[in-house]
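In what follows, chains are A, B, ... by sequence order, proteins preceding strands, each numbered from 1.
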2 protein chains.
Amino acid sequence: MTKEEVIKEYRLREILEAARRVMARYGMQGTTVDRVAEEAKVAKGTIYLYFDTKDELVNTAVIEGLREMTAEVLASDDPSMPPLDRIRKLILAHFRMLASNQDFLKTLIIGNSLDIELESQHGREFMRVYAAHVDFVASVLQDAIDHGAIRRIDPQFAAFMLGEMLTGSLRRRLLKLASSPLESDAEAVVELFLKGIATIPCD
Amino acid sequence: MTKEEVIKEYRLREILEAARRVMARYGMQGTTVDRVAEEAKVAKGTIYLYFDTKDELVNTAVIEGLREMTAEVLASDDPSMPPLDRIRKLILAHFRMLASNQDFLKTLIIGNSLDIELESQHGREFMRVYAAHVDFVASVLQDAIDHGAIRRIDPQFAAFMLGEMLTGSLRRRLLKLASSPLESDAEAVVELFLKGIATIPCD
DNA sequence: CAGTCAAATGAACGTACAGTCAGTTTAGCC
DNA sequence: GGCTAAACTGACTGTACGTTCATTTGACTG
């Protein structure tokens with residue numbers, strides 16, 4: 001990589017991070033190119049040297065953010081652990097990730113959210129990253145099924161629902177329907193996901 | 001109610017329904033006052049006889065929609081049923097409601113969503129309706145706990161998570177991560193919510 | 001039918017903001 | 001230092017859209 005490419009890469013990151021900060025602060029509606037430029041300490045025109053349209057800027061920022069977050073969770077996985085412990089650890093890793101990206105996720109999870117058209121280039125890219133993560137979680141569940149650690153459930157379905165519970169936990173905080181720190185939900189989600197609400201304890 | 005009031009009420013409904021149709025078709029971003037006026041077959045100015053701002057129009061349309069949907073579910077409840085059957089029926093009622101409001105909910109659940117500021121008048125109103133519904137579901141769960149039909153779990157937490165699984169089911173369809181009809185998820189959610197993924201069946 | 005008035009209309013206005021581009025700065029090179 | 005090209009700037013442009021208001025419509029009254 002040449003020196004220029006390094007600088008270009010650096011600028012790109014700066015702008016994308018600025019965009020995410022602006023989204024977190026002003027919401028999707030309030031995210032203007034002017035604000036991103038100000039936040040990134042570059043002129044408006046500079047942004048258009050790196051992105052063709054505002055849409056491309058915003059969507060790229062979101063997709064990159066998603067990519068980084070899923071990578072973080074993936075990195076914490078340890079396939080050699082006993083299946084149930086591995087699932088528990090996976091859930092905790094998700095919670096850590098959610099907690100440290102609250103501000104950014106707020107824009108995606110409540111209120112003014114994304115405007116990606118599913119059938120567009122960006123929409124497909126977004127779904128690729130998202131689906132890959134669900135697939136990964138599903139594979140962990142499949143592994144647990146193969147080991148007889150959990151019952152035979154559709155792993156894709158369960159993985160998706162787990163994801164909904166996780167983002168749901170964050171949403172509940174952000175909507176002020178719960179006030180204790182996010183982390184304290186982790187065990188409750190583990191319990192609910194593993195055992196449901198049924199009476200008889202199933203260990 | 002006088003004749004004029006009836007007409008006013010009718011116009012109001014027309015405009016709000018038009019607004020929801022436009023939201024469903026064009027998304028939040030693409031919902032303009034011009035489009036709503038065209039859809040409602042009134043002049044742009046007429047809208048401003050009923051609403052002070054576009055924000056009020058949109059937020060009122062959303063809140064009314066939410067109110068109608070939650071009322072629908074509430075109406076289907078039968079407190080005299082055995083607790084577990086009651087919960088199952090409640091979940092199925094939610095699925096029916098979700099299925100018949102897919103187009104409108106799409107705008108709230110994926111992509112271009114709501115822009116209600118939580119600390120505003122509309123935000124509080126929205127949260128009131130939403131929280132009331134969660135409270136209702138929680139009360140059904142509390143009832144089941146009192147009857148010893150399910151284990152002692154925080155009913156508010158469980159009610160919220162159930163809601164997340166339900167909207168999650170719809171989201172999964174809308175994101176094309178599942179293709180079978182929405183209704184077929186109903187049983188899977190009942191199962192997962194009641195029993196979790198644990199190995200030992202708990203009936 | 002003329003007169004009254006609230007309801008409705010849609011052309012016009014103002015503004016916010018995405019996108020452009022002529023001019024300026026910076027960096028590399030001889 | 002002078003030359004060149006690329007990077008950067010920010011004032012400017014065009015437009016989409018929320019909001020206003022002078023005018024028109026039509027229902028009702030006497």
Novice: With DNA chain C as reference, determine whether B:Arg11 or A:Thr53 sits nearer its 5' end, using the nearest nucleotide of each.
Specialist: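 First, find each residue's nearest nucleotide; the 5'-ward one identifies B:Arg11.
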
Novice: Within the 4.0 Å heavy-atom criterion, would you say B:Thr46 contacts the bases, only the backbone, or no part of the nucleic acid?
Specialist: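 The residue B:Thr46 makes base contact.
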
Novice: Give me the one residue out of B:Glu72, B:His133, B:Lys89 that meets side-chain hydrogen bond (donor to acceptor under 3.5 Å, both in side chains) with B:His94.
Specialist: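 Filter result, single survivor: B:His133.
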
Novice: Nearest whole Å is fine: how far is D:dA16 P from B:Gln29 CD?
Specialist: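 These atoms are roughly 14 Å apart.
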
Novice: Quick check for you: to the nearest 0.5 Å, what is the distance between A:His147 atom NE2 and A:Leu84 atom CG?
Specialist: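 Separation between the atoms: 11.0 Å.
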
Novice: Hey, is B:Glu191 close enough to B:Arg88 for a salt bridge, meaning N to O under 4.0 Å?
Specialist: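 Salt bridge absent between B:Glu191 and B:Arg88.
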
Novice: Using the ring of A:Tyr26 (Phe, Tyr or Trp, six-membered ring only), decide whether A:Arg35 places NZ or CZ under 6.0 Å from its centre and within 45 degrees of its axis.
Specialist: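 Checked: cation-pi criterion met.
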
Novice: At under 4.0 Å between heavy atoms, what does A:Phe51 touch on the DNA or RNA strands: base, sugar-phosphate, or nothing?
Specialist: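 Counting heavy atoms under 4.0 Å across all strands, no contact is made by A:Phe51.
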
Novice: When the distance from CD1 of B:Ile47 to P of C:dT9 is rounded to whole Å, what number comes out?
Specialist: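 Value for this atom pair: 10 Å.
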
Novice: Answer with base, sugar-phosphate or nothing: what part of the nucleic acid does A:Lys44 contact at a heavy-atom distance below 4.0 Å?
Specialist: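 The residue A:Lys44 makes base contact.
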
Novice: Between atom CD in B:Glu56 and atom C1' in D:dG18, what is the gap in whole Å?
Specialist: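 After rounding, the gap between these two atoms is 14 Å.
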
Novice: Find the distance A:Tyr26:OH to C:dC17:C1' and express it as a whole number of Å.
Specialist: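 Those two atoms, OH and C1', are 15 Å apart.
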
Novice: Rounded to the Å, how far apart are A:Tyr48 OH and D:dT13 P?
Specialist: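 The answer, rounded to whole Å, is 17 Å.
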
